Number of protein chains: 2
Amino acid sequence: MTGSHGMPEKRRAIAAAARVVFGREGYTRASVDAIATEAGVSKRTIYNHFADKEELFRAVTIEGADEVTETINTLMERHLRKILDLQEDLIAFGVDRVRAIYEFPEHYALVRALQAEVTRLPEQTLEAWTAAGPATAHQRLAPYLQAIADRGLLAFEDANKAANHFNLLTVTDVLQRTYYGALPLAESAAREIVTDGVRAFLRLYGVQNSAK
Amino acid sequence: MTGSHGMPEKRRAIAAAARVVFGREGYTRASVDAIATEAGVSKRTIYNHFADKEELFRAVTIEGADEVTETINTLMERHLRKILDLQEDLIAFGVDRVRAIYEFPEHYALVRALQAEVTRLPEQTLEAWTAAGPATAHQRLAPYLQAIADRGLLAFEDANKAANHFNLLTVTDVLQRTYYGALPLAESAAREIVTDGVRAFLRLYGVQNSAK
DNA sequence: ATTAAACTACACTACTTAGTTTTAGTGATG
DNA sequence: CATCACTAAAACTAAGTAGTGTAGTTTAAT
């Protein structure tokens, strides 16, 4: 059963374990031995697949970002493709997006670890991660907002800036308050933050047709 | 206030050095020996002033937060006490506030280190730091905005939410893009972000008849 | 000058780390 | 069968870690 979908099975086990341990312990504190144990693999095998600890870190941060980005893409398709009630759809998207933070705790733990390492990371690694993760977050949102604007439901000059403001007013607010998902947040509190954010966003860019 | 007034000179040297080294290396990687060297002090002296590494970290994060909070208070007094042109004053405040990020690089490096440790920190330490730093950021802004609203230049129902939105649209945007000050940001870019943020803020809460 | 507190320098403990090497074994391919 | 690529397990190297103990030195107030 060599499920070799490009990646040997062991490599995937190592990557998954690395994500957990790096997320839980941070880069420096995470030991390669601990990752090996978590992966159910010998330490030597890790070094057969990855040059060193740093390359392992680089690989898993980017792969993790890809995974989350994919999830967010799905959420945008689900909520922002066909708009029935703009405010409700934006709120539903925001709430699901926030929920995704708590559905990928290892990923956001990894984000915290990565942010702590920013000044020590090779420029290239940071760029690759930014491109895979945060950058896509609003680069991919912008076209959806543009499409909604084209149908006359939103009005702005720059879709990218609007997307940026949407993210700031919803998911960034949550990330900031919870230290990137480290602190728990009640579903109801998340909904309230997102609702406030969406209402502000619509006051900024909404077209007055659905009234109060 | 964590007064650095009655504090022996050596203790201050240690705290200053710890801020630099923790900021540069992160909590785990920073060694107490390195902090001692940076402070020009023997390691034993550090342990005469602080119970252990963790208490040292706790002390310097909170002292650093106090310092930055004080600076921000000064900026609010300077720009938000007497309003001449609301938009210009808010922009000037925002720009100075962003500049403060780069005037306290060790502090924001420390913030990154702290965020990475959030899940391992004693709850009490995190609470104390949140209270000294980020929490005050908009708790103290709210009264200024309220005073401006009382003069009829702004309109909102909840000053705290307005303050939160102001911060999100200006300084949080910058912090997020620069990984909490880790990446450089041109003065002009900072000004553009803040200007966009302030304009959005005024579309949300501004009263049309004022100035201009 | 005396005294007490604070300091330095440094050896020392008990432990952890990244990465390598060794030894023994696995399953597949030709 | 033999080779090949991989693996586990454990020992090992070389380095670094937090924190302690102590002997001798500085500092400042009396």
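This one's a predicted model, so the numbers in the text were calculated from it and none came from an experiment. Chain identifiers are assigned alphabetically (A, B, ...) following the order of the sequence lines, protein sequences preceding nucleic acid strands; residue numbering begins at 1 within each chain.
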Both conditions, 6.0 Å and 45 degrees, for the charged tip of B:K53 above the ring of B:Y27: are they met here? yes
Polar atom pairs between nucleotides 8-15 of chain D and protein, under 3.5 Å, N or O only, would you list them?
residue, atom, partner, partner atom, Å
D:dA8, OP1, A:K10, NZ, 3.2
D:dA8, OP2, A:S42, N, 2.9
D:dA8, OP2, A:S42, OG, 3.3
D:dA8, OP2, A:T45, OG1, 2.4

Output yes when A:R29 and B:E117 qualify as a salt bridge under the 4.0 Å nitrogen-oxygen rule, no when they do not. yes
Applying a 4.0 Å non-hydrogen cut-off, can you work out what A:A36 is touching in the nucleic acid: base, sugar-phosphate, or nothing? nothing
Can you tell me how far P of C:dT20 sits from CG of A:N48, to the nearest Å? 11 Å
Rounded to whole Å, how long is the line connecting atom CZ of A:R29 with atom P of D:dG16? 20 Å
Side-chain donor-acceptor pair under 3.5 Å between B:D150 and B:Q146, yes or no? yes
Are any non-hydrogen side-chain atoms of A:Y144 and A:E77 less than 4.5 angstrom apart? yes
Value in whole Å for how far the C1' atom of C:dA9 lies from CG of B:D33: 12 Å
Between C1' on C:dA18 and CZ on A:F50, what's the gap in Å once rounded to a whole number? 16 Å
Do B:E55 and B:R58 meet the salt-bridge criterion of a basic N to acidic O distance under 4.0 Å? yes
Exam field: side chain B:R191 to backbone B:A186, donor-acceptor pair closer than 3.5 Å: no
note: A:E25, atom CD; C:dT17, atom C1'; distance rounded to Å ~ 14 Å
Please give, in whole Å, the distance from C:dG19 C1' to A:I35 CD1? 13 Å
Scan B:A30 against the nucleic acid and name what it touches under 4.0 Å (heavy atoms): base, sugar-phosphate only, or nothing. sugar-phosphate
Under 6.0 Å between the ring centres of A:Y108 and A:F104? no
Quick one: is A:H49 getting a side-chain N or O under 4.0 Å of the D:dC6 phosphate, OP1 or OP2? no
Rounding to an integer number of Å, can you tell me how far A:R11 CZ sits from D:dT7 P? 12 Å
Distance check needed: C:dG27 P versus A:E9 CD, whole Å only. 14 Å
